[in-house]
Amino acid sequence: MKELKSFLGGRWVAGGGTPHTLLNPATEEPLARTTAGAADLGAALAFARDVGGPALRALSFAERGALLKSIAGALQSSRDELLELAIANGGNTRSDAKFDVDGAIGTLLAYSEIGNTLGSKRFLVDGEGLQLGRSARFHGQHIAVPRRGVAVHINAFNFPAWGFAEKAAVALLAGMPVLSKPATSSAMVAHRIIEILHEAKVLPEGALSLLVGSAGELVSLLGAQDVLAFTGSGETGARIRSTPNVIAHSVRVNVEADSLNAAVLGPEVEPRSDMYELFLKDVVRDMTQKAGQKCTAIRRVLVPRELSSSVKGDLVELLSAVKVGNPAEEDVRMGPLATAGQLADVRQGVGRLNGRIAFGSLSGPFEKGFFSSPILVEEPGDAVHEHEVFGPVASLLPYEKDPGEIVARGNGGLVCSIYAEDQAFVEKLVLEVAPLHGRLFLGHPKIELSPGPGTVLPQLVHGGPGRAGGGEELGGPRGLAFYLQRVALEGSRPVIQKLIG
Ligand code: NAP
């Protein structure tokens, strides 16, 4: 069985904490084990700060962008191997695995391009300079410089490749060294990625570290120049945010947590119309892709009351055609949940929703493996607006007049999708729900190859207020701000202009 070590202080070391066995969630076969041992996290952070940081800051944005291109190239060369690992350790179908691995490569390339555009500078000039007083000589200019600490990235289990890349791409481009901690249960993909990058020697020493296994004391070792980007449950996010050290040193924290994403079908949409079919397709894709283990997946399906029985019948028919099974088999469309714990949470969560099961079953289809069928719930209780069931589960919610009021009950989310032809309806709903979300997806059948609301694109921001964690990632160059310190320069205009070039 493969032993997964951490890559800290420029070498492979036994990780901290209790050893943990990683399984194939379809067969329950043990695949790898995280190692236990005394990883010196303080020394690892110091190495990243003192060796990786200066090496990255010495490079221009374009040069850092070139590093990202090399990372993407190295991952592309090992793509098939990574896909196989995601199938085995993540319970991903091949298509789910591509979503993760290709998403990682695409995001790295997108940020490499941004680096190219930012060119030979090593810091950002933020906005136009300003005359500050009556004298034209008294001048102000904002700039943004890389922070001098480490960017610590703690990721959720569901996207081990993309989760690593979407955070690392932005931090490295900004000029900060990265210490990445994948979720333990699905760490094989992230671990292999770091091995590949180490073997390919694409990054300066100290620029990228990996912690496998539990985070241990990592968060309490962070200082004022470090930043922490976390993706996972709201509960862990809250614990991290309230770590005394994080509060005492004002450690910059970004939390990407859970979300009760809603999809709203407009009142005038005709059954069988292209808009209606697109809506059904997106709901089914979000329920079944990655077995519904996507933070952006549709959880609440809002339909006009008069269409609810038609939508229910059509969803049941489409879900019946989804073959659940071992994703190593080609015709399987939905694999298992990632762990036994996830499966137990999903079953308990469906109970908490307290509705009627319109499709699916709480008992697993196979003796081995952490499988659930897709589950469509109708007439759920209020918990549907409070509790995220992180699996292939969505609830049907008929509305009379005001879907916006129902959407708002989710208390902030990552994405809300709207499928409507009536422009006035779209405009009203957009303005009503926009303050509650990081992204709104306006579905339209004329958009070719629409990825649906569940796909996060590097050009647009990802995150959301309230329950979603209050964070923001990606968004093209906007994402760099988290890793940069904005500073206002005020002084003599020629001095400042010379400095910024
Ligand atoms: P989780 O249990 O909160 O774990 C997330 C990460 O935090 C893992 O790497 C975990 O490590 C680590 N962790 C746990 N306790 C910690 C602590 N005290 N200090 C530091 N790190 C700690 O979440 P999950 O089960 O992996 O992920 C599922 C949740 O993530 C869902 O609620 C989903 O909605 C959310 N999610 C959100 C997004 C987004 O972008 N908004 C994306 C994906 C998932 P171990 O694995 O070693 O315990």
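Atoms within each ligand, like the ligands themselves, are counted from 1 in listed order. Residue numbers run from 1 in the order of the sequence given.
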**Study point:** Reference residue Lys167; test side chain to side chain donor-acceptor pair (under 3.5 Å); the match among His153, Glu256, Glu473
**Key:** Glu473

Report, one line per pair, each donor and acceptor closer than 3.5 Å where one atom sits in a side chain of residues 380-391; sequence neighbours left out.
residue	atom	partner	partner atom	Å
Asp382	OD1	Arg409	NH2	3.2
His385	ND1	Arg300	NH1	2.9
His387	ND1	Arg352	NH1	3.3

Study note, to complete from the structure: Counting from 1 in the order shown, the ligand 1 atoms closer than 4.0 Å to a non-hydrogen atom of Asp258 are 32 (O), 34 (O)

Revision key, fill the gap. If you compare Ile240, Thr34, Thr243, Thr184 by their heavy atoms, the one closest to atom 46 (O) of ligand 1 turns out to be Thr184

**Study point:** Leu45 side, atom CG; Ser209 side, atom OG - distance, nearest 0.5 Å
**Key:** 8.0 Å

Review point. Relative to the heavy atoms of Ala183, which atoms of ligand 1 are at a distance of less than 4.0 Å?
Key: 8 (C), 9 (O), 46 (O)

Practice item. Could you check Ile418, Leu440, Ile298 and say which one makes a side-chain contact (heavy atoms from CB on, under 4.5 Å) with Pro453? Key: Ile298

Point to revise | Contact partition for Arg239 relative to ligand 1, non-hydrogen atoms under 4.0 Å | key: side chain

Check your understanding: Is the shortest N/O to N/O distance between Ala257 and ligand 1 below 3.5 Å?
Key -> yes

Exercise for review: Output the list of atoms in ligand 1 that are nearer than 4.0 Å to some heavy atom of Ala156, sorted by atom number.
Suggested key: 26 (O), 27 (O), 30 (O), 43 (C), 44 (C)

Exercise for review: Look at atom 40 (O) of ligand 1 and find which of Gln293, His462, Lys290 reaches it with the closest heavy atom.
Suggested key: His462

Revision key, fill the gap. At under 4.0 Å between heavy atoms, what of Lys294 touches ligand 1? The answer is neither

Revision key, fill the gap. Restricting to heavy atoms, the pick from Asn155, Leu260, Leu414 nearest atom 8 (C) of ligand 1 would be Asn155

Exercise for review: Report yes if the distance between the aromatic ring centroids of Phe159 and Phe99 is under 6.0 Å, otherwise no.
Suggested key: yes

**Study point:** Phe390, portion touching ligand 1 at heavy-atom distance under 4.0 Å
**Key:** side chain

Exercise for review: Report yes if the distance between the aromatic ring centroids of Phe7 and His198 is under 6.0 Å, otherwise no.
Suggested key: yes

Exercise for review: Give the numbers and elements of all ligand 1 atoms closer than 4.0 Å to a heavy atom of Ile154.
Suggested key: 6 (C), 7 (O), 9 (O), 12 (C), 20 (C), 21 (N)

Point to revise | Steps toward salt bridge (Lys or Arg N to Asp or Glu O under 4.0 Å) verdict (Asp226, Arg147) | key: CA-CA 7 Å; Asp226 300 321; Arg147 292 190 141 217; over 6 Å; no

Review point. For ligand 1, which atoms have a heavy atom of Ala215 less than 4.0 angstrom away?
Key: 20 (C), 21 (N)

Point to revise | Within reach of ligand 1, part of Phe159 (heavy-atom separation under 4.0 Å) | key: neither

Exercise for review: Identify, with sequence neighbours excluded, every residue that meets side-chain contact (heavy atoms from CB on, under 4.5 Å) alongside Val332.
Suggested key: Thr93, Lys323, Glu329

Practice item. Measure the CG-OG1 distance between Asp286 and Thr288 for me, rounded to the nearest 0.5 Å. Key: 8.0 Å

Check your understanding: Among the heavy atoms of Ala468, does any lie under 4.0 Å from an atom of ligand 1?
Key -> no

